[in-house]
Amino acid sequence: MDVARQLEYYTMDDIYNLPDGQRAELIDGELYMMATPGRIHQRLVMVLSNSIFNYIQSKNGDCEVYPAPFAVFLNADDKVYLEPDISVICDKNKLTDEGCKGAPDWIIEIVSPSSRSMDYNKKLFRYRTAGIREYWIVDPMKQQITVYNFEHDTFEEYTFLDKVKSGIYEELKIDFSEISLA
C-alpha cells in the first residue's frame with residue numbers, strides 16, 4: 001500500500017514572514033529552525049570576529065567580517081539562505097543591503113547541540129560546492145576546530161590548546177588557548 005506524502009516546499013517568502021525573533025535557514029526548499037545561541041557560542045563568535053576584523057584592519061585589507069545574524073544567499077539565488085556564525089567576504093560586489101549574494105570567502109560555524117548535523121554535514125557539502133575558500137567548524141563541546149581549505153582540498157584538526165592558522169591570510173593565527181570560555 002502506497003502512502004502519499006506531501007512535502008512542503010519553503011521559499012524565501014517563508015523566511016521573510018517568520019515572526020520577529022525567529023530565525024531559520026533555507027536549503028533547497030527545506031526550512032531549518034535555529035535555536036537561540038548560548039553564552040559560550042556567542043563569546044566565540046565575538047572573539048573570533050574581533051580577531052579576524054582586527055587582523056584585516058591592521059593589514060589595510062579589503063575583506064569584510066560579518067557575525068550572525070547575517071544573510072548569505074549562497075548561490076546568489078533564492079534556494080539557499082544561510083546565516084553562518086561568521087562570514088568573511090572579500091568581493092564587495094557580493095554585498096547588498098540584504099546580505100551576501102554568493103559564496104563568502106571564509107565561513108566559521110560554532111557548533112551547538114542543535115546544529116551539529118547541519119554544520120558537519122549539510123553545510124559542509126553546501127559550502128564546498130558553492131565555492132567557499134575556507135570553512136572552520138569550531139566545536140566547543142569537543143574542544144576541537146576543523147579547518148577545511150577547499151582551495152587546496154585539505155582539512156586539519158586542532159584543539160582549543162592550539163594556534164589555528166588561516167588559509168585565507170598567511171600570517172593570521174588565532175590562539176584558542178588564549179580564549180577564555182569561563
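Please read these numbers as outputs of a predicted model, since none were measured by experiment. Numbers here are sequence positions counted from 1.
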Just say parallel, tilted or perpendicular for the rings of Tyr169 and Trp106, cut-offs at 30° and 60°. tilted
Here's one to test your reading of the geometry: is the NZ or CZ of Lys142 within 45 degrees of the ring axis of Tyr158 and under 6.0 Å from its centre? no
Could you check if a side-chain atom of Ile132 sits within less than 4.5 angstrom of a side-chain atom of Arg128, using non-hydrogen atoms only? no
Looking at Asp162 and Val164, would you say the former's side chain and the latter's main chain have a donor-acceptor pair under 3.5 Å? no
Is there a donor in the side chain of Asp153 and an acceptor in the side chain of Tyr148, or the other way round, less than 3.5 Å apart? no
How far does OH of Tyr66 sit from CD1 of Ile52, to the nearest 0.5 angstrom? 14.0 Å
Please step through salt bridge (charged side-chain N to carboxylate O under 4.0 Å, His left out) for the pair Asp105 and Lys94, ending with a clear verdict. CA-CA 11 Å; Asp105 292 270; Lys94 293 180 179 180; 5.4 Å; no
Answer yes or no: are there more than 12 heavy-atom neighbours, outside Tyr55 itself, under 6.0 Å from its atom OH? yes
May I ask you to decide if the ring planes of Phe160 and Phe176 are parallel, tilted or perpendicular, using 30° and 60° as cut-offs? tilted
Decide yes or no for Val72 and Phe70: does some side-chain heavy atom of the first lie under 4.5 Å from some side-chain heavy atom of the second? yes
Kindly indicate, with the supporting measurements, whether the criterion side chain to side chain donor-acceptor pair (under 3.5 Å) is fulfilled by Tyr32 and Lys122. CA-CA 11 Å; Tyr32 298 91; Lys122 264 192 195 301; 3.2 Å; yes
Excluding sequence neighbours, so at least two apart, what forms side chain to side chain donor-acceptor pair (under 3.5 Å) with Ser180? none
Show your reasoning for whether salt bridge (charged side-chain N to carboxylate O under 4.0 Å, His left out) applies to Lys165 and Glu170. CA-CA 7 Å; Lys165 184 180 174 306; Glu170 288 294 319; 3.5 Å; yes
Given Ile145, Ile86, Val147, the one that forms side-chain contact (heavy atoms from CB on, under 4.5 Å) with Ile108: Ile86
